[in-house]
Amino acid sequence: MVRGIRPSIEGLELAGVYKCRCQCKPILIEPTLRRIQRQTRGQRVVTIYRLAKRVVIELSSGDSFVIEPRMTGMMLLSDPPNPAYLRLEWRLRGNGTNRSLWFWDRRGLGTVRLLSKSEMASVLGPSRLGPDALAMTLDEWKSRCAKTGREIKVALLDQKLVAGIGNLYASEILHLAKIDPTARSNELKPRQLRRLHASTAEILNSAIRYEGSTLNDGTYRNALNKTGSYQNSHRVYNRADEICPTCHKAPIQRIVQAQRSTFFCPHCQRV
DNA sequence: CCCCAGTCCTGCGGGC
DNA sequence: TGCCCGCAGGACTGGG
C-alpha cells in the first residue's frame, strides 16, 4: 500500500479531508472530521511509511494520519471495487496537479486517526508494538520467544511480541520454517529460531514483492485496484486437504488456535 | 500472565 | 429459490 501511494502523494499539499457518504455504518475516525479539517488543511505530506500493519502519512505540522486497514481496508488512488464502501477522501494538490487518495473498506473494521508526535509515541510505542517483523534480529527472536509459553502460532499474532505478522502469514512462515504451530514458544530450539527468523523475512518479502494476497472474496487490491498474486504462492493457507507442497506425504490440516484458523502439514511440521 | 468469548461490520458459500 | 449458519487478511476488552 505504502509503495503504491508514495510516489503520487509525497510532497503534495492537503486541500481537504472528506467523509464519503455511504449507507453503511461509519468507521472509526479520530478526532472529529471538523478538527481534522482545521488541523490539516494546507499541510504538506512530508513522508509516507509503513508501521507494522499501519500506513502512516506524516504532515509538515508533525501530525500524522495513521490508517489501520485491518481485514478489508485499502488505500486507493483510482476507482474502487465498489464505491459504496469508500470511507474517507484526502484531496491533494501540488506539482500542477490535483489528486485524491481514498480509504476504502468493505467490512468497516478499519480505522483512521490523526495523531500528534507525542500521541504516536504512546499509542504506537514499544509498550503496544514490538519490533517490526522485518527488522527483528535473531537475538530479538530468541529473547522475545523465550518470554512466553504460548503456542508459537498464537505468539506470532501478538503484536507486542513482534509487529506486522497476520494470521495468513503466520501459517505460511511456520510451514516454511518447519515448526509445529502448537509448539511452545519458549521451548523452540536454536535451529528452529534461526529458521523462524529466516522464514519470516522470506515469506513477508515475497508477499510484498507479489503485492499481497487477494483471497477468494477478491477484496484485496493495490493502490491502483489491481489484485495481488501472492495467493498463488500460498503453501498451506486455505489449502486444507491438499497434499503438502514440501513433503508430498500428508494433506494440509486446518486447526483452530485462539479462535483463528491455522493451516499446517502434520508431517513436515511435526518431525 | 494467559485464556476465552464477545464486539465492531459486511458478504459469501455451504447445507438444508 | 431462499434462509440460516459459520466463517473471513484484526485488534481490543472484560471476566475468570
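Just so we're on the same page: letters track the sequence lines, and every chain starts at 1.
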Find out whether A:Asn238 and A:Ser261 are in side-chain contact, i.e. whether some heavy atom of one side chain is under 4.5 Å from a heavy atom of the other.
no
Tell me which nucleotide among [options] gets nearest to the side chain of [X].
| X | options | answer |
| --- | --- | --- |
| A:Tyr237 | C:dA8, B:dA5, C:dG10 | C:dA8 |
| A:Arg150 | B:dC3, C:dA8, C:dG9 | B:dC3 |
| A:Glu68 | C:dG9, C:dA8, C:dA11 | C:dA11 |
| A:Lys53 | C:dC7, C:dG10, B:dT10 | C:dG10 |
| A:Tyr220 | C:dG9, B:dT10, C:dG10 | C:dG9 |
| A:Arg70 | C:dC7, C:dG10, B:dT10 | C:dG10 |
| A:Arg106 | B:dC4, C:dC12, B:dT10 | B:dT10 |
| A:Leu109 | C:dG9, C:dG10, B:dC2 | C:dG10 |

Spacing of [X] atom [atom1] relative to [N] atom [atom2], expressed in whole Å:
| X | N | atom1 | atom2 | answer |
| --- | --- | --- | --- | --- |
| A:Lys153 | C:dG10 | NZ | P | 9 Å |
| A:Leu28 | C:dA11 | CG | P | 15 Å |
| A:Leu156 | C:dG9 | CG | C1' | 15 Å |
| A:Met74 | B:dT10 | CE | C1' | 14 Å |
| A:Gln259 | C:dA11 | CD | C1' | 13 Å |
| A:Ile27 | B:dT7 | CD1 | C1' | 17 Å |
| A:Leu51 | C:dG10 | CG | C1' | 16 Å |
| A:Arg260 | B:dT7 | CZ | P | 17 Å |

Flag yes if A:Leu157 and A:Val162 sit in one hydrophobic cluster, no otherwise; membership is Ile, Leu, Val, Met, Phe, Trp, Tyr, and two members link when side-chain heavy atoms are under 4.5 Å apart.
no
On DNA chain B, does the nearest nucleotide to A:Val154 precede the nearest nucleotide to A:Asn216 from the 5' side, or the other way round? Give the residue.
A:Val154
Residue mapping more 5' on DNA chain B - nearest nucleotide basis, A:Arg87 or A:Glu151
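The residue closer to the strand's 5' end, by nearest nucleotide, is A:Glu151.
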Distance only, no hydrogens: is a donor on one side chain within 3.5 Å (strictly under) of an acceptor on the other, for A:Glu151 and A:Thr182?
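Short answer, no.
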Counting distance only, does the side-chain N/O of A:Glu211 pair as donor-acceptor with the main-chain N or O of A:Asn222 below 3.5 Å?
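Pair absent, no side-chain N/O of A:Glu211 close to backbone of A:Asn222.
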Any side-chain N or O of [X] less than 4.0 Å from the OP1 or OP2 oxygen of [N]?
| X | N | result |
| --- | --- | --- |
| A:Thr148 | B:dC2 | yes |
| A:Gln159 | C:dA11 | yes |
| A:Arg221 | C:dG9 | no |

Just call it for A:Asp217: base, sugar-phosphate, or nothing, with non-hydrogen atoms closer than 4.0 Å on any strand.
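It contacts base atoms.
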Euclidean distance for C1', C:dC7 against B:dA5 (whole angstrom):
16 Å
If the C1' atom of B:dG6 is compared with that of C:dG6, how far apart are they to the nearest Å?
16 Å
In plain terms, say whether A:Asp241 and A:Arg254 are close enough for a salt bridge, that is, a side-chain N and a carboxylate O under 4.0 Å apart.
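Salt bridge between A:Asp241 and A:Arg254, a charged N being under 4.0 Å from a carboxylate O: no.
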A:Trp90 and A:Phe103: CA distance, side-chain angles, deciding distance, ring pair (Phe, Tyr, Trp, His ring centres under 6.0 Å) verdict:
CA-CA 9 Å; A:Trp90 291 264; A:Phe103 181 61; 7.3 Å; no
For B:dC4, which nucleotide in any strand shown is its Watson-Crick or wobble partner with both distances under 3.5 Å?
C:dG14
Residue matched to B:dG14 through Watson-Crick or wobble contacts both under 3.5 angstrom
C:dC4
In terms of base orientation, is C:dG9 syn or anti, with the syn window spanning 90° either side of 0?
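Syn, since the glycosidic angle lies within 90° of 0.
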For the residue pair A:Leu77 and A:Gly4, what are the closest heavy atoms and their distance?
CD1-O, 3.5 Å
